Trainee: 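The structure is given below, and queries will be raised subsequently.
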Number of protein chains: 2
Amino acid sequence: MPEPSPSDLSRRGLLGLAAAGGVGAVAGLAAGAAAVSAADGGGGSASARRYDFYGRHQAGITTPAQDRLHFAAFDMSADASRDDLAALLADWTEAAARMTQGLEVGESGAVGGSPYAPPEDTGEALGLPASGLTLTFGFGPTLFETADGVDRFGIADRRPPALEPLPRFTGDALVPEKSGGDLCVQACADDPQVAVHAIRNLSRIAFGRASLRWSQLGFGRTSSTSTSQTTPRNLFGFKDGTANIKAEEPDAVAEHVWVSADDGPGWLAGGSYLVARRIRMIIESWDRVQLAEQEDLVGRTKGEGGPMSGGGEFTELDLTATTPDGAPAIADDAHVRLAHPDVNGGIRLLRRGYNFVDGNDELGRLDAGLFFLSFQRDPARFVAVQRSLARDGLNEYLRHVGSAVFAVPPGVQAGASIGDGLLG
Amino acid sequence: MPEPSPSDLSRRGLLGLAAAGGVGAVAGLAAGAAAVSAADGGGGSASARRYDFYGRHQAGITTPAQDRLHFAAFDMSADASRDDLAALLADWTEAAARMTQGLEVGESGAVGGSPYAPPEDTGEALGLPASGLTLTFGFGPTLFETADGVDRFGIADRRPPALEPLPRFTGDALVPEKSGGDLCVQACADDPQVAVHAIRNLSRIAFGRASLRWSQLGFGRTSSTSTSQTTPRNLFGFKDGTANIKAEEPDAVAEHVWVSADDGPGWLAGGSYLVARRIRMIIESWDRVQLAEQEDLVGRTKGEGGPMSGGGEFTELDLTATTPDGAPAIADDAHVRLAHPDVNGGIRLLRRGYNFVDGNDELGRLDAGLFFLSFQRDPARFVAVQRSLARDGLNEYLRHVGSAVFAVPPGVQAGASIGDGLLG
């Protein structure tokens, strides 16, 4: 599968390609490259930002978190073979390499093929630039399972020992239909139409081999992954992710995010583990909590986001500080204390979550919350932090309704497939 | 209820206010005023665009369609009184006037009040500029209904004769939980977090008096309402709304959108009627239709969007043109023919719809489609066009699952409430 050459590509976003100086001409930070960004006259989010798909690591992890998300989990068809899995991953790789560059999903695209065949591309992103799209692929525990005693894809012995379904946590109220999955694709972009277009076309490519198990849109990133970004707010109204791992901290990224060659298995070196949690917020109850209690529960001020131990947003927490009456300044059950590396053996997670609102429930409450995404070197690190959070005072206002874990393979070079390491 | 003065406002988006030159300093096109727009460094859609809330007409109708939507329908509580309704509409008016200017919902805001009280504002839009937010209010037919023989709000005799529930149409598969409503609020903005913040805070203000019946997020506008905007694409991959009524056509707006004093009732003059339809697209089936058939069904080319009778996107349809073999160039069942004013007695609707994707159904199909919104001088005009579309070839790929109609009162001047005309 040779890399497509610029001459035979159908160009979706002429603006984007022109502004970025040609296909693949940009290189830069982290897993990809920020080009330029533009805004149209209609309040849209047109952005010519483009990130390389190929590289040592997959893009969409340390890439500065884009504002919009469409996340999808897929299950392989019951009768799919190892060859089907290999072909699907190869087809997805090729499509992802094109779409992340602002190209249509196939060479003939939405309008360039035979009029007497269905178009290769569904067309709703025609005219839109790359919009910073990243596509990040992962493998769930069930992909490695035997079914009725049969090792259906011949990869049972390649399963990373660390890739186990997550244990049950205090407060879990998981819905199977929003949990798990053999495969996942995280689509992040500056424009939701571009992220949706990508998941739709990857679903279409999967037809007959894999099908959507669940998917989730997110409209507002809740963490920064680059020091160039301001800290956004979650639906509790607080800044979220101030102390997140940033791409500009290469030592922390190496220590906390990437699987090393020593960690094993070899095919996963340079990859990571992705945890997804759909966390419903009981915002109507939260909104009746007094400001002081909200701040105590979080452990930061609501305005600036400084720690309750004093200082501004980026001041380090002082977990030993006390109030004039001798109580801990950062409460014992404050979220920031229980999530802090100092009480979790130094563990830091790279968070990449999004706010969501999916209409409302039958009681007229918004179905809203945080679609938590984190990347870490070992899922056990997430488990340790989440267990620490069992005492989190915020839990009264949270319900974890979806959960999944995936092994995220490393990036690939042009011509290779995202499945080569696993299946090769 | 005096208009808040700039000195006592808690300023949410300092960037936005500074860029726009102060509260209420901008005036311009249509129902509001476009100020300036900005983009942050993180791929976001920060926009200091601000539209006046007060005016002859409500904003959010001829205002250039923003890219993001949160639409909400509310039902009044069973025991709510006329005073409750009047107070709710007054409170909503005051909150809307503030939020559309980039201000927090109350004067003390998210962090400026007593620490021992719940904050007035939920806080997730702190630091975000106005982002072009418009809030548009409407009254559903059920608001005027008597319950158990009681005229609960004393407005049964003020019901516009034209405000009847929509009739059943061919292909309707309506879900009551996504239809109807006593009241509606359309929140449109350049930033989804700002639209969501507005609906959430209006829902909170309504507590005890009205509650959410249903709500819908939309991520991509599917129509232009200004000649300054490019034509976006719907999830069939086609440009949508090319021939829409534009704000720059004042005669067409007057003829087709605003209720006149002669139309009656008097309190609705300068208002309009809003029709909302949640239209699920069967995109998996559509994606298997050959390009030529897709174009015949729509009546336009997929690429440029020119009519099948020839020419570019903005060329007028020639409904009489034929192909070399004598068939109509624009098919008899083509969508653009059946929706065209020439076959509908000159009727034009001002469309303001949005693309949506709400995850997927249990069969792994994306729950995706068009959240159709149109404003028209009389709901009967929508009914006529929708009946014409009974023969639309696209119907095979569409299911109307939600439906609602609302009378949209005119705009108000500072100090008045959106309910004054109805209840005064």
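Since we're looking at a predicted model, the values are computed, not measured. Chain letters run A, B, ... following the sequence lines, proteins first and then strands; every chain starts at 1.
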Trainee: How long is the gap from CZ on B:Arg288 to CZ on A:Phe207, to the nearest 0.5 Å?
Mentor: 4.0 Å
Trainee: To the nearest 0.5 Å, tell me how far B:Leu212 CG sits from A:Glu284 CD.
Mentor: 8.0 Å
Trainee: Counting heavy-atom pairs under 4.5 Å to chain B, which of A:Ala117, A:Gly220, A:Gly112, A:Gly113 comes out on top?
Mentor: A:Ala117
Trainee: Partners of A:Gln216 by side chain to side chain donor-acceptor pair (under 3.5 Å), sequence neighbours excluded?
Mentor: A:Arg278, A:Asp358
Trainee: Could you check which of B:Thr301, B:Asp361, B:Leu366, B:Asp75 has the highest count of heavy-atom pairs closer than 4.5 Å to chain A?
Mentor: B:Leu366
Trainee: Given 3.5 Å as the limit, does a donor-acceptor pair link the side chain of A:Gln193 with the main chain of B:Arg233, or not?
Mentor: yes
Trainee: Quick one: side-chain hydrogen bond (donor to acceptor under 3.5 Å, both in side chains) pairs with a partner in residues 195-205 of chain A, sequence neighbours left out?
Mentor: A:Asp121-A:His197, A:Thr122-A:Asn201, A:Glu124-A:Arg200, A:His197-A:Asn201, A:Arg200-B:Asp287
Trainee: Among A:Pro118, A:Gly359, A:Gly364, A:Ser114, which residue has the highest count of heavy-atom pairs closer than 4.5 Å to chain B?
Mentor: A:Pro118
Trainee: Which one wins on heavy-atom pair count under 4.5 Å against chain A: B:Gly303, B:Pro119, B:Ala368, B:Ser211?
Mentor: B:Pro119
Trainee: Please flag which part of B:Leu235 lies under 4.5 Å from any non-hydrogen atom of chain A: side chain, backbone, both or neither.
Mentor: both
Trainee: At a heavy-atom separation under 4.5 Å, does B:Val196 approach chain A through its side chain, its backbone, both, or neither?
Mentor: side chain
Trainee: With a 4.5 angstrom heavy-atom cut-off, could you sort out which part of B:Gln294 is near chain A: side chain, backbone, both or neither?
Mentor: side chain
